[in-house]
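A quick write-up on the structure given underneath.
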Amino acid sequence: MLKLENVSMTVNNSNGFRREIIRDINIDFEPGKLYAITGPNGGGKTTLAKVIMGIYQHSTGNIYLNGEDISELGVTERARRGIAYAFQQPPRFKGLNVSDLIKIASPGVDGMGLRKKIRDVGLCPEDYLDRDMGPGLSGGEAKRIEIAQVLSRDSIISIFDEPEAGVDLWTVQRLIGLIVQKYQDNPQSTAIIITHHENVLPICDEIIVLEEGLIKLRGSSEEIWPLIRDDVQCKMREQCRGEVCYEL
Amino acid sequence: MNFKPVDMQLLDMISNIKSIPAGAINIRRDGEPVIRQSSPNIKIGTNADNNGLLVEIKPGTRDETVHVPVIVTKAGFHDKVYNTFVVGEDADVTIIAGCGIHNDSHSDSGHDGIHEIIVKKGARMKYVEKHYGEGNGQGKRILNPTTNIFLETGAIAEMEMVQIKGVDDTVRTTIAHIGDKASLKIVERLMTHGEQKAVSDVRLYIEGRGGSGQILSRSIGRDNSVQVFKAALVGQNECLGHVECDAIIMHKARIQSIPELIAENAEAVLTHEAAIGKIAGEQLIKLMSLGMTEKDAIDTILEGFLR
């Protein structure tokens, strides 16, 4: 479905030195699967997502979507071919409201559909449809609306960049549940979640660990999760007795 | 009534009227009134100096609208008018003003509208003024509105002043005097392009105890246009005041934003926020990632910003 072939991205830093942000990435994302990309900060996870969306141009290698080489296509063309990306920190828009953005994401959506998409991410449509997407919105609210936009696009490939970041613990489970429900076992589409969340990683079909721009580990969650669990799981659970821990 | 298509187009742009509405209305074209009609509660007459209107709204008038648009279509014509509005006690009305100029000639044409608005005790008023210019000539389209507004005890007013397109040169002056427990909100929206120049000078004197004043400005400067926005709050009593000016700058435009806070009383709370910046690349990318072209993304951001 989406195939990355020897994809690397190099940047020149302020000292004029070349630095490879991602190196020689080869992944064939299969339809109907839920992928998790994890790894330490600065490992290249968001860069990889932005390379797939066309926001960053990769330096070498090729990207194929359903057999078509999309390496030279811009963001708009890739979006129209079925790639969607939920930003880690969604930008704000003064003057545009929540329903404007959902309508852009899902042209032709009717009033009922609009309300449902807002309600699905745990927000009350009556309170939020006309809310300005400016700085008055909290980080968690903006994040939920961001996820609602990507969910409403019905894309072939949907990438969620740390959907849990900035969202309260009560809501995380619901959002993740929504993503899992929509994409798992759906042969039409693939979801990629960039995450460190200990409740998300084990339920994905595959886990890809990215470190220093390289794929360090890759395999089914049954194989990979036991190997990374100690790095990811909360070390303080014994002390706090896991009061904010939920099962999906 | 002899309206040409160009007249109706201008009226539609500035007042959203596609036909002559019922109720109180005065349409001024090239310095002459072409329609004047009063309603039982709103009397439109000529002022004592015979150089403009006196619009008197009876106390207690509810949910009525008065239209006073001005259009200039004669090449090289420069119109000047002095209008006074008196909104009676406890009334709740909307005033729709505005000016549209069509100029296809090489001579400048313009309109100076000098308005005095008195909002009496306990009254509510919404004032909407749109400015618009069109035509293919080299002659400039010039609009210089001056508004003096007085809010008596407990009066509430909102003024929406919009200039979106086609006005080459404008100097807008607004001075407000806000009484006890009165409240005024001024919303300005402005877009300049080409070689246009726009200056707006707003000054709110919050004189009464418990008074409040708010100035919100959103503007977009494109091409080689120049904008100057001065917003001053003078707190003379226990009061609240806030100025917020946001601007998007594009191409080679120049925008100057000058908020000014003057507190003359220790109980005055005055604040301001000002920001000028280009469209963030992130915003464009975000909308493009939803399938929009770059051009559509820019248009959507600008349209939303000035909404």
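Below, chain A is the first sequence line, B the second, and so on; all start at residue 1.
- Looking at heavy atoms from C-beta onward, B/H272 lies out of side-chain contact with B/E244 at the 4.5 angstrom threshold.
- Of the two parts of A/R81, neither the backbone nor the side chain holds a non-hydrogen atom closer than 4.5 Å to a non-hydrogen atom of chain B.
- Residues A/Y85 and A/D161 bring a donor and an acceptor atom of their side chains to less than 3.5 Å of each other.
- Of the listed residues (A/D100, A/N97, A/D132), the greatest number of heavy-atom pairs within a distance under 4.5 Å of chain B belongs to A/D100.
- For the set A/P107, A/A79, A/S106, the entry with the most heavy-atom pairs within less than 4.5 Å of chain B is A/A79.
- Your options are A/K94, A/M53, A/R92, and the one with the most heavy-atom pairs under 4.5 Å with chain B is A/K94.
- Using modelled atom types, one finds no donor on one side chain facing an acceptor on the other under 3.5 Å when comparing B/S225 with B/H193.
- Judged purely by distance below 3.5 Å, without hydrogens or angles, the side chains of A/Q57 and A/K50 never pair a donor atom with an acceptor atom.
- Most heavy-atom pairs under 4.5 Å with chain A, from the set B/L290, B/I285, B/D296: that is B/L290.
- In the model, A/T195 has a side-chain atom that pairs as donor or acceptor with a side-chain atom of A/E164 under 3.5 Å.
- Looking only at atom types and distance, the side chain of A/T47 has no donor-acceptor partner in the side chain of A/Y56 under 3.5 Å away.
- Contacts of B/D246 with chain A are made by side-chain atoms alone, with heavy-atom separations under 4.5 Å and no backbone atom involved.
- Heavy-atom distances place both the backbone and the side chain of A/L101 under 4.5 Å from chain B.
- Contacts between A/E77 and chain B at a heavy-atom distance below 4.5 Å are absent for every atom of the residue.
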